[in-house]
Amino acid sequence: MVTEKEISQIADLWKEEKKQFVKKSTYAAYSLIVDTHLLPAFGNLTQVTEKEVQEFVLIKLHAGLSQKTIKDILIVLRMILKYGAKEQYCTYIPFDVKFPTERECQKLSVLSISNQRKIINYVIENFTFRNLGLFICLSTGIRIGEVCALTWEDIDTDNGIIHIRKTLQRIYVNENGKKRTELLIDTPKTATSMRDIPMIKELYGILKPLKKIVRNDYFVLTNDITPTEPRTYRNYYKKLLKKLGIPPVKFHGLRHSFATRCIESKCDYKTVSVILGHSNISTTLNLYVHPNLDQKKRCIDKMFRMIKDFR
């Protein structure tokens with residue numbers, strides 16, 4: 001027998017259960033989605049129909065949210081509704097919503113080779129620990145949360161390796177109705193994000209002498225016990241691009257630029273995927289492997305030569 005509860009009540013109970021099994025950062029992400037998107041739209045309902053979800057999707061698209069963001073929100077909604085049905089608090093009605101066809105391919109935000117070289121030259125000639133972080137990102141492809149969490153103990157100059165073991169982020173916390181944010185250092189989201197990345201010769205040349213005089217527990221970006229948080233570092237990067245006369249490229253574009261240069265250099269895809277910490281090589285292939293017209297022509301010509309030469 002179903003004991004009806006409002007979606008807001010079910011969501012609270014679902015979050016309490018989830019809290020026991022997921023990382024703090026994941027729980028914070030769920031809570032933000034629930035409080036910001038789901039409760040305003042569905043909180044006072046006792047069940048949700050496909051029509052209501054479809055209307056919700058169109059409203060969010062109109063508000064400028066990406067399809068990926070909306071799909072992530074719907075994943076959380078499904079989890080809440082299925083939990084409610086399992087506990088007999090509501091009836092789960094499966095929904096299958098439609099999204100407008102995306103006619104244009106989303107282009108990755110990537111630095112040109114000349115602008116990438118311009119940043120590298122600048123940070124080498126104008127050493128600061130913050131600039132060092134940009135050089136590390138461009139030569140390893142690590143994420144902004146990973147470079148912000150990097151401490152000197154992660155820099156292994158004996159073996160020429162950078163160990164990626166943690167990430168730093170500001171998370172959303174809602175405790176007893178009081179909303180705030182909190183800086184959190186945690187392990188990366190997936191096991192494959194825990195990885196070891198070799199240093200290029202130029203980076204090693206900078207890090208080796210520094211490693212002898214710094215404290216292992218200090219953060220690399222500040223050379224201090226206190227870290228720089230991603231938002232602050234992102235703002236610094238934006239100002240630097242403007243100073244260097246480089247068109248705006250998102251900070252994550254440093255990671256995209258690293259991966260793109262690896263693929264352009266004909267590095268094997270599996271190795272690039274492991275360096276980036278992707279959980280699946282298909283992520284790397286979908287993001288970065290897009291043959292141009294010349295490559296397509298060479299492929300077809302090679303195939304046709306094989307047919308002609310067949311005996």
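- Between the side chain of Tyr233 and the main chain of Arg130, a donor-acceptor pair closer than 3.5 Å is present.
- With hydrogens and angles ignored, the 3.5 Å screen pairs a side-chain donor or acceptor of Ser8 with a backbone N or O of Gly43.
- One distance of note links NZ of Lys18 with OG of Ser31; it measures 12.0 Å at 0.5 Å rounding.
- Counting heavy atoms from C-beta on, the side chains of Phe42 and Leu38 come closer than 4.5 Å.
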Go through the steps to decide whether Leu254 and Tyr237 satisfy the test side chain to side chain contact (heavy atoms under 4.5 Å, CB included), and finish with yes or no.
-> CA-CA 10 Å; Leu254 299 182; Tyr237 162 76; 3.8 Å; yes

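- Between the side chains of Thr284 and His278, at least one donor N or O sits under 3.5 Å from an acceptor N or O.
- A donor-acceptor contact shorter than 3.5 Å links the side chain of Gln54 to the backbone of Lys98.
- Between the side chain of Thr49 and the backbone N or O of Glu52, at least one donor-acceptor pair lies under 3.5 Å.
- Between Asp217 and Arg215 a salt bridge is recorded (basic side-chain N to carboxylate O distance below 4.0 Å).
- Taking 4.0 Å as the cut-off between side-chain N and carboxylate O, Arg305 and Asp301 do not count as a salt-bridged pair.
- Residues Val76 and Phe21 fall into different hydrophobic clusters, defined by Ile, Leu, Val, Met, Phe, Trp and Tyr side chains chained together at heavy-atom separations under 4.5 Å.
- For Asp72 and Thr69, the side-chain atoms include no donor-acceptor pair closer than 3.5 Å.
- Here Tyr122 pairs with Lys243 under the side chain to side chain donor-acceptor pair (under 3.5 Å) rule; sequence neighbours left out.
- In plain terms, the two heavy atoms of Ile200 and Ser139 that are nearest each other are CD1-CB, 3.7 Å.
- Residues Trp152 and Leu210 are in side-chain contact: their nearest non-hydrogen atoms beyond the backbone lie under 4.5 Å apart.
- The side-chain contact (heavy atoms from CB on, under 4.5 Å) with Phe135 is formed by just one residue from the set Leu203, Ile119, Thr140; it is Leu203.
- Separating the CD1 atom in Ile144 from the SG atom in Cys137 is a distance of 7.5 Å, to the nearest 0.5 Å.
- Tyr30 and Asp35 share no side-chain donor-acceptor pair at under 3.5 Å.
- Summarising the geometry of Asn223 relative to Val214, their closest heavy-atom pair is OD1-CG1, 3.5 Å, with the distance given to 0.1 Å.
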Go through the steps for Phe95 and Arg78 under the test side chain to side chain contact (heavy atoms under 4.5 Å, CB included), then give the verdict.
-> CA-CA 9 Å; Phe95 54 82; Arg78 280 192 180 94; 3.4 Å; yes

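- Between Thr167 and Pro188, the shortest heavy-atom contact is CG2-CA, 4.1 Å.
- Put simply, OG on Ser25 and CD1 on Ile185 are 12.5 Å apart, with the number rounded to the nearest 0.5 Å.
- Leu111 and Ile263 fall within the same hydrophobic cluster, defined by Ile, Leu, Val, Met, Phe, Trp and Tyr side-chain heavy atoms under 4.5 Å apart, directly or through other members.
- The cluster map of Ile, Leu, Val, Met, Phe, Trp and Tyr, joined by side-chain heavy atoms under 4.5 Å apart, puts Leu244 and Phe127 in the same cluster.
- One distance of note links CD of Gln169 with CZ of Arg231; it measures 13.5 Å at 0.5 Å rounding.
- Thr283 and Asn280 are not linked by any side-chain donor-acceptor pair at a separation below 3.5 angstrom, with hydrogens and angles left out of the test.
- Geometrically, Lys51 does not engage Phe56 in a cation-pi contact defined by less than 6.0 Å to the ring centre and at most 45° from the axis.
- Between Leu241 and Pro247, the shortest heavy-atom contact is CD1-O, 4.0 Å.
- Ser265 contributes a side-chain N or O that, together with a main-chain N or O of Arg261, makes up a donor-acceptor pair within less than 3.5 Å.
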Could you go through the side chain to side chain contact (heavy atoms under 4.5 Å, CB included) check for Val53 and Leu77 one step at a time?
-> CA-CA 9 Å; Val53 178; Leu77 177 60; 4.1 Å; yes

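- Contact of the Ile136 side chain with the Ile142 side chain is registered, since non-hydrogen atoms from C-beta on lie closer than 4.5 Å.
- Taking each heavy atom of Ile164 and Ser193 in turn, the nearest pair found is CG2-O, 3.6 Å.
- The pair Arg180-Glu182 meets the salt-bridge criterion, since a charged nitrogen lies less than 4.0 angstrom from a carboxylate oxygen.
- Taken from SG in Cys148 to CZ in Phe219, the straight-line distance is 9.5 Å, to the nearest 0.5 Å.
- We find the CD-OG1 distance between Gln47 and Thr91 to be 5.5 Å, quoted to the nearest 0.5 Å.
- Lys166 and Glu146 are not joined by a salt bridge, as no carboxylate oxygen comes within less than 4.0 angstrom of a charged side-chain nitrogen.
- Looking only at atom types and distance, the side chain of Asn235 has no donor-acceptor partner in the side chain of Thr232 under 3.5 Å away.
- The minimum heavy-atom distance linking Lys5 with Ile10 is given by the pair O-CD1, 3.7 Å.
- Formation of a donor-acceptor pair under 3.5 Å by the Lys242 side chain with backbone atoms of Pro248 is not found in this model.
- With 3.5 Å as the limit, one finds a donor-acceptor pair spanning the side chains of His163 and Asp196.
- By the 4.5 Å heavy-atom criterion applied to side chains, Glu87 and Leu13 are not counted as neighbours.
- Taking the salt bridge (charged side-chain N to carboxylate O under 4.0 Å, His left out) definition, one finds that Asp12 meets it with nothing, sequence neighbours left out.
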